[in-house]
Amino acid sequence: MDAVPPDPAGFAARLLACPELPQPFRDGELAETLAVIARKLLEDNAKFNLTAITDETDVLYKHFLDSLLCAEAIRPELISRTEPGKPALRLLDVGSGAGFPALPIAAALPLLSVTALDSTAKKCRHMNDTASEASVSNFAAVTARAENLAHNTDYRESYDFVTARAVAHLPVLCELCLPFVAPGGLFVAMKGRSAPQEAAEAEHAMRTLGGVLEEIRPYSIPRDADPRFLLMIRKDSPAPALYPRHFSVISKNPL
Ligand code: SAM
C-alpha cells in the first residue's frame, strides 16, 4: 500500500481477524480507532517521510500488532496497580517516531496516561494530530531529546512504564530510558534477534542505572521469520544524577 488505505473498515476487520491479536484487544471500537491512526499515518507519510513501512499488511503487523503485543505485556501490571480515585499510571515511549508503540498502546490501554517523546518536531506534530483525529485523549507527544528531558524533574523518575522500539543499542538505550522510570517501575525494550546479546552487553549499564533484567520474553509476528523479544527491565533504585550524559559522550563511551 503506497497511499491512504482505501477502506479503514477493511483495515479494522483484518486486524480483528488476526489470530495473534490479544483477546482483550478484540474490540470493534478499538479496531476502528486504530484504523484511523493507520489512515493518518499513510496520509501524512505521503507528505513527509514518517515510516519506511507502507504496505498495508506490513503496517498492520509490524506497527499495530507489534505495538499491541507490547501493550498486552504491560496490561496485567497496569490493571493490578491501578487504583480507583488515584491518578492514572504513566507511560513514556522514548523515540516514538510516527507513534509506535505509543499510539496503539494509548488507544488499547485507556487507563494509562501516555507521553510520546521524539526529538523531531514534525513527528510530534503528526502524533498529536493523529491522537486528536482518532480521539485518543490519554496521549500527548513532546519534542525533546531524551538525554536532556531526563534531567527535568517533571519527567525524571516519574513514569511507571517506559517503552522504546528501534531507537538505540541497549547500553545506550538504558542510559536514555532508565532515568525516566520511577523506582519499582518497568522499562520494556522492544528488540529483534540481537536481544539476548544486547542484554548481556547492557548488564553494566542496567546495574549502574538502577535496573534489573527481569525477563527476556520472546514473541513473533506473522510474515516475519525474525524472532522478537521484550526485554523487561525493573527499576529497583534511583539512577545517579550524572545520567544520562551528553549524547556525544553516551555514544562514544557507552556504559
Ligand atoms: N519507535 C518508532 C518505531 O519503532 O517505529 C521510531 C523508530 S525511529 C528508527 C527512531 C526515532 O527515535 C526517531 O524518530 C528519532 O527522531 C528518535 N530519537 C533518536 N534518538 C533520540 C533521542 N536521544 N531523544 C529523542 N528521540 C530520539
Side-chain angles (χ1 to χ4, degrees), residues 34 37-38 40-42 44-45 48-55 58-71 73-74 91-107 114-131 139-152 154-156 159 161-181 187-195 198 205 209 219 221 224 226 228-231 239 243-255:
L34 296 170
I37 296 171
K40 178 76 173 156
L41 171 71
L42 293 161
D44 283 0
N45 203 46
F48 38 83
N49 198 22
L50 287 167
T51 175
I53 299 172
T54 54
D55 170 80
D58 282 343
V59 168
L60 185 71
Y61 292 149
K62 294 186 179 168
H63 279 327
F64 286 86
L65 186 61
D66 196 34
S67 299
L68 292 170
L69 290 168
C70 180
I74 287 166
L91 179 145
L92 179 75
D93 182 41
V94 173
S96 303
F100 300 96
L103 278 166
I105 289 178
V114 174
T115 303
L117 168 64
D118 203 280
S119 52
T120 306
K122 74 169 183 187
K123 292 181 179 174
C124 291
R125 245 187 332 270
H126 160 78
M127 290 190 273
N128 281 324
D129 290 351
T130 302
F139 177 93
V142 173
T143 305
R145 290 202 60 90
E147 62 275 23
N148 298 335
L149 199 68
H151 290 285
N152 178 325
D154 289 342
Y155 294 85
R156 190 175 183 85
Y159 290 90
F161 303 97
V162 172
T163 52
R165 185 182 83 159
V167 176
H169 196 62
L170 194 62
V172 172
L173 194 63
C174 282
E175 185 161 349
L176 296 178
C177 293
L178 276 170
F180 287 110
V181 186
F187 169 38
V188 183
M190 302 173 72
K191 287 283 177 183
R193 64 165 59 251
S194 62
E198 287 192 47
L209 296 157
Y219 71 104
I221 57 167
D224 193 342
D226 269 358
R228 291 174 185 237
F229 297 88
L230 297 175
L231 295 168
Y243 302 108
R245 297 162 294 165
H246 193 278
F247 194 74
S248 61
V249 180
I250 300 178
S251 50
K252 254 190 246 140
N253 186 19
L255 282 169

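First listed ligand is number 1; within each ligand, the first listed atom is number 1. All figures in this text were calculated on a predicted structure; none of them were measured in a lab.
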Contacts of H63 that satisfy ring-ring contact (aromatic ring centres under 6.0 Å, His included) - sequence neighbours left out: F100
Using a 3.5 Å distance criterion without hydrogens, assess whether the side chain of N128 forms a donor-acceptor pair with backbone atoms of A141. yes
I'd like to know if K40 and D44 make a salt bridge, using a cut-off of under 4.0 Å between side-chain N and carboxylate O. yes
Do S96 and D118 have side-chain atoms, one donor and one acceptor, less than 3.5 Å apart? no
Quick one, list the residues around ligand 1 where some non-hydrogen atom comes in under 4.0 Å, by chain and residue number. H63, G95, S96, G97, F100, D118, S119, T120, K123, A144, R145, A146, E147, R165, A166
Between the NE2 atom in H246 and the CD atom in E147, the distance rounded to the nearest 0.5 Å is 7.5 Å
L231 and L170: CA distance, side-chain angles, deciding distance, side chain to side chain contact (heavy atoms under 4.5 Å, CB included) verdict: CA-CA 10 Å; L231 295 168; L170 194 62; 3.6 Å; yes
